Amino acid sequence: MLNNSQLPITTQLLTLANPMSEAQSTQLAKIIDALFNDLDEGHSCSLVMDLALRLECDAIEINECLLASGLCALYQNKIISEYDSKPFSIVNTDSASLVYISKYLNYEQSIVAKVKQLMTMPETDNVGVSYQQGLQQLQTLSTAENRPNSEQLAAIIAASCQKFSIITGGPGTGKTTTVTLLLWLLYQTYGADLKVQICAPTGKAAIRVRDSVSNTLRSLEQSSLIDFDSNLFAGLLREGNNFLTIHKLLGYQHNSIYFKHNAHNQLDLDVLIIDESSMISLPLFSKLFQALNLDKLKHIIFLGDKNQLSSVEEGYVFASLVALHNDTSNNNDVYDLFTQIQEPNITHELLISNRNQGIIHELAQAILTQNESALTSCLESSEQVEVFAPELKLVLQHVLGDAHSTFRQFLSFAQNANNEHDSAELFRLFSAQTILCLTNGGVLGCDNLNTRLELQIKRILGVNDEWYNGRAIIILQNDYNLELFNGDIGICVLKDDRARVVFESGREFIPEVLPNYTLAYAITIHKSQGSEYQQVSIVLPTQQSADASAGRLLSRELLYTAVTRAKSNIRLYCEQETLLAAIKQQTVRNSGLAIFLTA
């Protein structure tokens, strides 16, 4: 259903069109509305056949109307070398006819050009003594401690030889361990002056990858099987120096969609590692690629889970890149390392999970494989996964009813937290659990849950003020001046009777200066990407109570993302029919990347 008919941009574009009949103008308005609706839903383009079905007309009419308007360019080739500066574009391919808002076609084509350039570059000829010695030590470590395991070692060897690599895997498969060991090998190969940056789409994800790398390095220091020099990593681990959001890496410019680093002012880097790559939108992916100096860059590695939700914004880039050359020969029973190395592949999939080998791992696999009987078995056979009716009162009771609950422990600690050490423990306790919702709206949405939870929290604490110890908020928009980003969690700590909102980075602000925020006791599943919790409560409305937009959101990828946020326990507040319907519904985004990349 179209809902953008009043968009000012639609009206403005119609005034730029060639003179048309009233019927054609009406048809053009409907087409433009549909294109912007598809963009809002995460598609980078629209299929002409799909538009024709929705608008109840013929595909030829769509093409004729767009071209008659004078607002649309027509391209017959998958790779475009010369662009016509029109707001819309039709690209005819062998398999489909695609309609773009033109700048999104430009984004996809620019990514394709960079990826093809990266893939045609020769492999790094690492035959030096330092590289060979480092590799030998990793192989010894692998044999003795299974760290790295065979999959991880194959990914490390390939990525150390290739300029462009993708490492994908689910929770517990050791993506961060793999990339940390890869970094160690690269430092052995190139020396301490290697310029390395590690980044992620959100501040929360950047902090998490920094902590994961730090933990892995601490464990490596204890090993006598490799020559570990902590000085090599000292600069990398310096606070705020190398673990950044992508926006900060590129150099955000106030009130501009453009970054400081771009095709004309490229990044001065040797190695770039990007975590949680599935969360990166199409425009940001394009701008990141444009800022790469491929003559200087030695290695770029993307990390992510190919089964997780794609970016909240438009695009389907990471999944398209993984699909380009997906390594499907991995087998947990027989893994031929020699074969893997001899057959270069940009994508290396880690399947062996060191965590969640129990019921949570089984539940995630049941969701991915759409195995209804396995899903039902998981729900019925374990105390780690509990299922309750989708009722608001049950959620409130389980979170706050027990004085010894995880959340009540957090609240109790928050009442006396007032120093830096307390802040670290405060976030550890808060991150021990979370409530994940499908949407913000509705009785079982974040907004209502947060309101009801806060009412009870204030009653428990005996407070009436807006700000109180333990009040948790989530930032909803980026503020580059304050270096606060969409998805950052802040917790209130009263100091000298003044509210201070402390963030996981250790920085604190008075509430009045914060960008737009909301309560964070319950967050959407989308907002939880890049995070892990000991216990996760997943709240899904019944199919009857969910509105049409919520029904479209509920999918296999969404459910998998929610389940894999949990490390030990899951509470599901939903009907079993809702879960069975979700695993059958796959999120499909329109994109031309897969077509263009194989041209």
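Start at 1 with the first residue, then count along the sequence. Model, not experiment: these values are computed from the prediction.
For Arg452, the CZ atom counts as loosely surrounded, since its 6.0 Å shell holds 12 or fewer non-hydrogen atoms of other residues, nucleotides or ligands. Residue-environment remark: CG (Asn464) stays at or below the threshold of 12 foreign heavy atoms within 6.0 Å. For Asn516, the CG atom counts as densely surrounded, since its 6.0 Å shell holds more than 12 non-hydrogen atoms of other residues, nucleotides or ligands. The local environment of CD in Gln12 is sparse, with at most 12 non-hydrogen atoms from other residues, nucleotides or ligands closer than 6.0 Å. Under a cut-off of 6.0 angstrom, the local environment of NZ in Lys296 is crowded, with over 12 non-hydrogen atoms contributed by other residues, nucleotides or ligands.
Between Val563 and Ile360, the closest heavy-atom pair is O-CG2, 3.9 Å. Nearest heavy atoms, Pro390 versus Leu444: O-CD1, 3.5 Å. Considering all non-hydrogen atoms of both residues, Gln477 and Pro515 come closest at CG-CB, 3.8 Å. Across every non-hydrogen atom of Ile475 and Lys527, the tightest pair is O-NZ, 4.4 Å. Closest approach of Lys195 and Asp268 over heavy atoms only: NZ-OD2, 2.6 Å. Considering all non-hydrogen atoms of both residues, Asn448 and Gly442 come closest at CB-O, 3.6 Å.
The line from CD1 of Ile101 to CG of Asn106 is 12.0 Å long, rounded to the nearest 0.5 Å. Going from atom CG of Asn450 over to atom SG of Cys437 covers 7.5 Å, rounded to the nearest 0.5 Å. Here the CG-CG distance, from Asn486 to Asp479, works out to 12.0 Å after rounding to the nearest 0.5 Å. How far CZ of Phe289 is from NZ of Lys114: 9.0 Å, rounded to the nearest 0.5 Å. Note that the CG atom of Asp488 and the CG atom of Asn478 stand 8.5 Å from one another [nearest 0.5 Å]. The distance from atom CD1 of Ile474 to atom OH of Tyr517, rounded to the nearest 0.5 Å, is 13.5 Å.
Using a 4.5 Å cut-off on side-chain heavy atoms (C-beta onward), Phe430 and Glu504 make no contact. Under the 4.5 Å side-chain criterion, counting only non-hydrogen atoms from C-beta, Leu194 is in contact with Val196. For the pair Phe233/Val213, no side-chain contact is recorded, criterion being any heavy-atom separation below 4.5 Å from C-beta on. Between Val317 and Ile280, every side-chain heavy-atom pair lies at or beyond the 4.5 Å cut-off. Looking only at side-chain heavy atoms (C-beta outward), Leu400 and Leu411 come within less than 4.5 Å of each other. Counting heavy atoms from C-beta outward, Ile525 and Arg565 have side chains that stay 4.5 Å or more apart. Between Leu514 and Phe503 the shortest side-chain heavy-atom distance falls below 4.5 Å. Counting only heavy atoms from C-beta outward, the side chains of Leu309 and Leu558 approach each other to under 4.5 Å.
Applying the side-chain hydrogen bond (donor to acceptor under 3.5 Å, both in side chains) criterion to Ser219, with sequence neighbours excluded, gives Arg147. Not counting sequence neighbours, the partners of Glu276 by the salt bridge (Lys or Arg N to Asp or Glu O under 4.0 Å) test are Arg208.
One N or O on the side chain of Glu557 and one on the backbone of Thr587 form a donor-acceptor pair closer than 3.5 Å. Side-chain N or O atoms of Gln409 include one that pairs as donor or acceptor with a backbone N or O of His404 at under 3.5 Å. Listed for the Gln266 side chain is a donor-acceptor partner under 3.5 Å among the backbone atoms of Leu292. A donor-acceptor contact shorter than 3.5 Å links the side chain of Asn215 to the backbone of Asp211. A donor-acceptor pair under 3.5 Å is absent between the side-chain atoms of Ser44 and the main chain of Gly315, judged by distance alone. Of the possible donor and acceptor atoms, one in the side chain of Lys287 sits under 3.5 Å from a partner among the backbone N and O of Ile257. Counting only distance, with no hydrogens or angles, the side chain of Arg507 and the backbone of Leu482 share a donor-acceptor pair below 3.5 Å. One N or O on the side chain of His43 and one on the backbone of Asn590 form a donor-acceptor pair closer than 3.5 Å. Under a 3.5 Å cut-off, the side chain of Ser286 and the backbone N or O of Ile111 do not form any donor-acceptor pair. In this structure, the side chain of Lys260 does not engage the main chain of Gln253 through any donor-acceptor pair within 3.5 Å.
Proximity of the aromatic rings of Phe410 and Phe407 is defined here by a centroid distance below 6.0 angstrom, and this criterion is met. For an aromatic pair to be called close, the ring centres must be under 6.0 Å apart, and Phe285 with Phe318 fails this.
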Working for side-chain contact (heavy atoms from CB on, under 4.5 Å), residues Phe259 and Leu284:
CA-CA 10 Å; Phe259 293 99; Leu284 189 56; 4.0 Å; yes
Side chain to side chain donor-acceptor pair (under 3.5 Å) between Asp305 and Tyr560, worked out
CA-CA 11 Å; Asp305 185 344; Tyr560 170 83; 2.7 Å; yes
With side-chain contact (heavy atoms from CB on, under 4.5 Å) as the criterion, how do Lys248 and Phe243 come out once you've worked through the C-alpha distance, each side chain's angles and the decisive distance to 0.1 Å?
CA-CA 10 Å; Lys248 190 170 183 180; Phe243 292 85; over 6 Å; no
Tell me, with the steps shown, if Gln152 and Thr177 meet side chain to side chain donor-acceptor pair (under 3.5 Å).
CA-CA 8 Å; Gln152 294 165 346; Thr177 298; 5.6 Å; no
Are Tyr104 and Tyr107 close enough, and set up right, to give a ring-ring contact (aromatic ring centres under 6.0 Å, His included), and what steps lead you there?
CA-CA 5 Å; Tyr104 291 91; Tyr107 288 143; 5.5 Å; yes
How far apart are the C-alpha atoms of Leu236 and Leu183, what are their side-chain angles, what is the distance that settles it, and do they pass the side-chain contact (heavy atoms from CB on, under 4.5 Å) test?
CA-CA 10 Å; Leu236 180 70; Leu183 270 178; 3.9 Å; yes
Let's go through Thr561 and Gln529 carefully: what are the C-alpha distance in whole Å and the side-chain angles of both, what is the deciding distance for side chain to side chain donor-acceptor pair (under 3.5 Å) to 0.1 Å, and is it a yes or a no?
CA-CA 7 Å; Thr561 300; Gln529 286 183 270; 5.1 Å; no
Test log, rule side-chain contact (heavy atoms from CB on, under 4.5 Å), inputs Leu249 and Gln197:
CA-CA 8 Å; Leu249 172 76; Gln197 288 279 13; 3.9 Å; yes
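Electrostatic pairing of Asp402 and Arg408 does not count as a salt bridge here, judged by no charged N lying under 4.0 Å from a carboxylate O. Between Arg218 and Glu221 there is no salt bridge, since none of the side-chain N atoms of the basic residue sits less than 4.0 Å from a carboxylate O of the acidic one.
Aromatic ring orientation, His398 versus Tyr573: tilted (interplanar angle from 30° to 60°).
When only modelled atom types and interatomic distance are considered, Glu108 and Ser591 share a side-chain donor-acceptor pair under 3.5 Å.
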